[in-house]
Amino acid sequence: MADSIDIAAGKTTQLVPGRQWAYWQVAGWIALIIALVALPATASGYVLFMATLVAINVIATVGLNITVGYAGLLSIGHSAFIGVGAYASALMAIHLGTPLLLNVMVGSAAAFLVGLVFGAPSLRIKGVFLAIATLAAQYSLYFVFQQWTPVTGGDRGLSVPQVDILGMGDKGFYLLVVAVAVVLCIASRNLFRTRIGRAFIAVRERDYAAQVLGIDVVRTKLLAFGLGAAYAGVAGGLMGAFLRIVNPDQFTLLASVFFLAAVVVGGQASLLGSLLGATFMTLMPEMLRATMEVLGPPLGATDVAGFLSPLREVIFGAMIVGFLYFEPRGLAGLVERVRALATRS
Amino acid sequence: MLQFLEYSMIGVASGGIYVLAALGFVIIYKSTNVFNFAIGEMMMIGAYLFYAATGQLHLGWPIGILAALGGSMALAAGIERGLLQPLIGQPTIVLVMVTFGVGSILRGLAGMIWGPDIIQMPDFLPRKPIFIGDVLIPGKLAWGFIAVGTLSLAFILYYRLSRTGIAIRATSADQMTAESVGINVRRVSSLSWAITGLLTGAAGIVVGSLNGLTPTLGLVALNVLAVVMLAGMTSVGGVVVAGLFIGWFETLIGAYLGGAWQSFMPYLVVLVMMTVKPNGLFGEQRVERI
């Protein structure tokens with residue numbers, strides 16, 4: 001795991017030949033932010049929709065990466081925590097009519113607390129046992145979403161009132177989501193330069209050894225769990241307000257596996273990895289659909305839609321297996337390789 | 001009361017399927033420490049292979065069963081050889097995610113080959129219901145339970161008594177020592193995957209002939225995971241008890257409280273279990289080293 005610590009320690013420990021690369025890196029981030037802010041001016045409604053979705057998924061993936069990538073706690077219930085945030089935030093909007101940012105914060109706090117409750121088993125169990133506890137969280141919360149009809153609206157869900165930010169409609173919402181995503185990304189990046197964040201990594205590497213170093217393992221694990229859930233809550237609150245509907249089917253086991261896949265494909269314990277992974281996994285089905293629409297008819301495939309969803313599953317699985325097999329550091333690892341090539345010459 | 005007995009019998013009978021699949025899970029976990037999330041998809045592939053042999057190639061059901069079980073054994077051994085052996089020594093999360101990935105690939109492939117619609121399996125289990133006193137048990141379920149029970153029993157005997165079974169148990173107790181007394185640990189690992197292929201394939205055929213065949217047939221395996229957790233991951237005897245219990249409990253819940261409770265209850269039991277006794281009912285305390 002030595003190399004993953006290196007990634008986790010991040011860009012502060014650049015080697016001297018990489019100095020120039022560091023400048024490029026900063027320039028790259030600035031260019032990305034400018035591009036993101038400038039996007040609404042030129043983009044169509046569809047592009048804007050996908051961009052907003054990507055930004056929301058980035059928030060959720062960054063959160064899951066804190067739990068799974070940095071703290072090494074396998075969570076298979078991430079989408080349930082997203083659901084907690086979405087429902088809490090939607091209920092605030094419907095019954096109290098409070099502003100979006102407040103709702104999202106409350107959603108995040110709710111998800112944090114629920115995350116702590118289901119993280120509690122991690123005090124005594126670890127590894128795959130914990131994974132099952134999170135699976136139990138997934139099922140229990142889904143059950144609550146579906147069955148507590150007076151509050152959650154059952155299968156039909158809740159419809160969320162429209163939010164208009166600065167009178168800019170979809171563009172305003174997009175900018176808000178991007179701003180939140182940027183703030184949360186920077187927060188998670190800085191977290192791993194603090195004592196708490198370093199403790200996550202120490203616990204992941206060897207929890208007994210971390211304990212010897214004076215880290216409170218139990219508190220650290222719980223916090224890592226809760227923080228991941230809190231990020232999920234933010235993503236959920238934004239997602240509800242964005243899609244304007246919250247129903248149980250958005251928060252299934254498959255959605256949880258989707259975010260796990262985003263973490264693995266992007267790169268564990270890497271901010272860049274979360275960004276790349278979430279972007280890639282969100283856009284992959286769209287790219288696949290576009291490709292099939294072009295390639296399908298000439299190849300004689302008439303039932304493109306029926307063929308597409310199993311094909312997506314195959315590619316989805318193949319991506320996970322392929323990355324674990326060939327590049328366990330994910331897309332971020334590929335970027336690292338490019339960096340190594342660039343700085344060597 | 002009569003109804004309660006009837007539901008109980010049906011529940012225990014469907015619990016038998018959980019037992020079979022859970023045995024497959026436990027043997028892989030014991031001998032290779034891999035938490036296999038693809039177990040449901042392995043069941044599903046077994047069922048589809050049976051359908052392909054009997055329904056599509058018209059080979060008759062005895063040959064169909066042999067072909068399906070052989071196919072799923074080969075598939076399982078292939079997964080182990082091709083994907084998991086090269087990853088030995090990687091962190092748990094990597095191994096878990098690989099089985100997730102494999103599951104997704106298998107589900108997708110089944111969807112691409114056989115389509116998303118529900119397929120009725122060729123009948124080979126007698127339909128005629130069986131009466132015990134006044135209690136009626138659907139024929140397919142009863143015969144399925146008998147098949148599954150026989151296979152489970154055969155496996156447990158094999159595991160307890162045969163030379164290979166002892167080698168598997170030795171490996172799960174201590175890999176180093178097992179290797180030093182001349183057990184081929186790699187072979188044991190491949191073998192246990194192949195056995196799992198056999199058990200899950202058989203479980204899949206029974207599930208498929210009871211409920212019909214879809215690419216999402218593997219979802220029943222999520223209850224198998226609950227069974228395994230309840231039993232404590234490593235106990236063969238515990239799995240039998242826990243499997244029958246979960247099957248019984250789940251059916252009763254489904255019958256009296258409705259279907260929505262059914263998928264959730266096993267996990268509630270597990271969650272309570274985990275806070276009370278994290279190693280499960282019959283689990284062994286594993287020693288962790290720094």
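The structure presented is a predicted model; accordingly, all values stated were derived computationally and were not measured. All chains are named by letter (A, B, ...) in the order of the sequence lines, taking the proteins before the strands, and each is independently numbered beginning at 1.
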- Task: Looking only at non-hydrogen atoms, find the nearest pair between B:Ser104 and A:Gly317 and report the distance.
- Result: OG-N, 3.7 Å
- Cut-off 4.5 Å, heavy atoms of chain A, and the answer for B:Leu87 is side chain
- Task: Using non-hydrogen atoms and a 4.5 Å limit, figure out which bit of A:Ile315 sits close to chain B: side chain, backbone, both or neither.
- Result: neither
- Message: In the structure I gave you, are the side-chain heavy atoms of A:Phe143 and B:Leu268 within less than 4.5 Å of one another anywhere?
- Response: no
- Query: If you measure from CG on B:Leu222 to CG on A:Leu135, what distance do you get to the nearest 0.5 Å?
  - Reply: 6.0 Å
- Given that the side chain runs from C-beta out, which part of B:Val270 has a heavy atom under 4.5 Å from chain A: side chain, backbone, both or neither? side chain
- Item | Shortest non-hydrogen contact from B:Leu83 toward A:Val321 | CD2-CG1, 3.6 Å
- Query: Considering all heavy atoms of both residues, which atom of A:Tyr325 and which atom of B:Pro86 are nearest to each other, and what is their separation?
  - Reply: OH-CG, 3.2 Å
- Look up atom CZ in A:Phe323 and atom CE in B:Met97, then write down how far apart they are to the nearest 0.5 Å. 12.5 Å
- Item | A:Met287, CE atom: more than 12 neighbouring heavy atoms under 6.0 Å | yes
- In this structure, are over 12 heavy atoms from other groups packed under 6.0 Å from B:Arg169 atom CZ? yes
- Item | Separation of B:Phe100 CZ from A:Ile320 CD1 (nearest 0.5 Å) | 8.5 Å
